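As structure tokens, the structure follows; a few thoughts come after it.
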There are 2 protein chains.
Amino acid sequence: MTTTVEFIEKLRNSGLRPTKQRIKICEVLFNKETTFHFTINDLVKIIEKEANEKISLATVYNTIHAFEKKGYLKEIPIDANQSYFDTNVTDHHHFYDISEKKLIDLDQVDVGPINIKKSVPGKKIKSVEVLVKLDTDNQ
Amino acid sequence: MTTTVEFIEKLRNSGLRPTKQRIKICEVLFNKETTFHFTINDLVKIIEKEANEKISLATVYNTIHAFEKKGYLKEIPIDANQSYFDTNVTDHHHFYDISEKKLIDLDQVDVGPINIKKSVPGKKIKSVEVLVKLDTDNQ
DNA sequence: AATTATATTAAAACCATTCTAAACTGTTGA
DNA sequence: TCAACAGTTTAGAATGGTTTTAATATAATT
Ligand SMILES: [Mn+2]
Ligand SMILES: [Mn+2]
Ligand SMILES: [Zn+2]
Ligand SMILES: [Zn+2]
């Protein structure tokens, strides 16, 4: 359980003004038992359900992008149709259930260390992410 | 060097009629020294340059999707803005150069074997892909 | 050659995302 | 305290990659 005061601090520390809308988005994103994956559409629906208010799409996009830039959220590339975001910002990997269109976290320990034995001159590795696609198992 | 006759066979074997447009797309995609990565926009530009003909966007999309379904092409999820395709359909991984927006192949041997130590009941692993994001190295 | 199935095309529609510009709210310092 | 400024929200328009449409054309089958 995180308090509103803490969200306000979190926002202030990242140079974001603590507005009513941003605090509500914080509550929906960060005041949960577990981390989760979502699309913007998912998020808008959750906000409408939890609060009985609407936050404009532009504000949702702006805030999500601000949080992403600040490292409060990660974007997970799955397919080219829409963006998937993750409130789990630790280094981890994913299962992607193709039929359910759902992401499932894979811890570092579930995958084991990955040692990239190749490098590109003048470039450094920023992230290493494994995506494991899952299909229905028909024996 | 692959001949037109071979492309026609390839298309026929996959239940696709060998039309002038599909053969041209085959030439652009598969009659190359090396495999490569492309967006639909890239492809349209290459076609316009190599052939002096235009193939409608709808046909390009339809054909690329047919090839993808047949396993002649792979789609690589990078970001949610547009689709990236790959003429290298072997199991392999990628560097993604963020500033250049370019994909670079990583062979299995460059990454090493990946053993997923977790499973989801009723689901089987369809693919395991590693995406290594690269940043400019400012010392 | 006639018939049927499939493909191509230009244009419209779709839809996630971004932009716009006017109204609003938070912050600051006189 | 409050005016002035900076930052934010909003509805709606615009954008741009992708898909759909439906008319026309081409390929395959008879
Ligand atoms: Mn983003
Ligand atoms: Mn596709
Ligand atoms: Zn995750
Ligand atoms: Zn590749």
Side-chain angles (χ1 to χ4, degrees), chain A residues 4-5 7-28 37-48 51-70 72-73 75-85 101, chain B residues 4-5 7-28 37-48 51-70 72-73 75-85 101:
Chain A
T4 303
V5 175
F7 292 140
I8 292 176
E9 267 325 292
K10 194 174 186 177
L11 288 165
R12 279 236 172 77
N13 287 338
S14 346
L16 296 173
R17 285 186 179 175
T19 62
K20 187 163 66 89
Q21 292 82 352
R22 281 175 182 159
I23 290 165
K24 171 49 66 189
I25 293 173
C26 277
E27 283 167 5
V28 170
H37 308 99
F38 64 94
T39 64
I40 295 292
N41 208 3
D42 294 339
L43 183 57
V44 167
K45 278 186 199 144
I46 296 170
I47 292 168
E48 287 178 5
N52 271 13
E53 302 167 53
K54 295 207 198 315
I55 299 178
S56 78
L57 255 189
T59 295
V60 174
Y61 274 103
N62 289 342
T63 305
I64 291 307
H65 286 147
F67 285 165
E68 189 194 355
K69 189 175 271 180
K70 289 294 171 188
Y72 288 165
L73 291 174
E75 189 168 2
I76 311 295
I78 297 297
D79 69 69
N81 303 320
Q82 71 190 139
S83 291
Y84 282 76
F85 295 92
K101 298 193 180 194
Chain B
T4 302
V5 174
F7 291 138
I8 292 176
E9 266 326 292
K10 194 174 186 174
L11 289 165
R12 279 237 172 74
N13 287 338
S14 348
L16 295 173
R17 285 185 179 176
T19 63
K20 186 162 66 86
Q21 291 83 350
R22 281 176 182 160
I23 290 164
K24 170 50 64 188
I25 293 172
C26 277
E27 284 167 5
V28 170
H37 307 100
F38 65 93
T39 64
I40 295 291
N41 209 3
D42 293 339
L43 183 57
V44 167
K45 278 185 198 146
I46 297 170
I47 291 168
E48 285 178 7
N52 272 12
E53 301 168 55
K54 295 206 197 318
I55 299 177
S56 78
L57 255 189
T59 296
V60 173
Y61 274 102
N62 288 340
T63 306
I64 292 306
H65 286 149
F67 285 166
E68 190 195 354
K69 189 174 272 180
K70 288 295 169 187
Y72 287 167
L73 291 174
E75 190 168 2
I76 312 294
I78 298 298
D79 68 70
N81 303 319
Q82 70 190 141
S83 291
Y84 282 75
F85 294 93
K101 297 191 180 197

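The model shown is predicted, which means the values in this text are computed figures rather than measured ones. Each chain gets a letter, A, B and so on, in the order its sequence line appears, and its residues count up from 1.
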Which part of the nucleic acid does B:N81 contact within heavy-atom distance under 4.0 Å: base, sugar-phosphate only, or nothing? sugar-phosphate
Within the 4.0 Å heavy-atom criterion, would you say A:T59 contacts the bases, only the backbone, or no part of the nucleic acid? base
Side chain of [X] only, heavy atoms from C-beta on: which candidate in [options] is closest?
X     : options                : answer
B:I55 : C:dT9, D:dA27, C:dT17  : C:dT9
B:H65 : C:dT17, D:dT19, C:dT9  : D:dT19
B:R17 : D:dT8, C:dC19, C:dA7   : C:dA7
B:S56 : C:dT8, D:dT18, D:dT9   : C:dT8
B:Q21 : C:dT8, D:dT9, D:dT18   : C:dT8
A:Q82 : D:dT10, D:dT18, C:dT17 : C:dT17
A:Y61 : D:dG17, C:dA16, C:dA10 : C:dA16

For B:T63 and B:Q21: C-alpha separation, side-chain torsions, deciding distance, then whether side-chain contact (heavy atoms from CB on, under 4.5 Å) applies. CA-CA 9 Å; B:T63 306; B:Q21 291 83 350; 6.0 Å; no
Taking [atom1] from [X] and [atom2] from [N], how many angstroms apart are they, rounded to a whole number?
X     : N      : atom1 : atom2 : answer
A:D79 : C:dA16 : CG    : C1'   : 12 Å
A:R12 : C:dG26 : CZ    : C1'   : 9 Å
A:I47 : D:dT10 : CD1   : P     : 10 Å
A:L16 : C:dT25 : CG    : P     : 19 Å
B:F38 : D:dT18 : CZ    : P     : 11 Å

Do the side chains of A:K24 and A:E27 get close enough for a salt bridge, i.e. N-O under 4.0 angstrom? yes
Does a donor on one side chain and an acceptor on the other come within less than 3.5 Å for B:N62 and B:T59? no
In terms of heavy-atom contacts, B:P77 and A:I78 come closest through CB-O, 3.0 Å
Measure across A:V60 and A:I40 and return the closest heavy-atom pair with its distance rounded to 0.1 Å. CG1-CG2, 4.1 Å
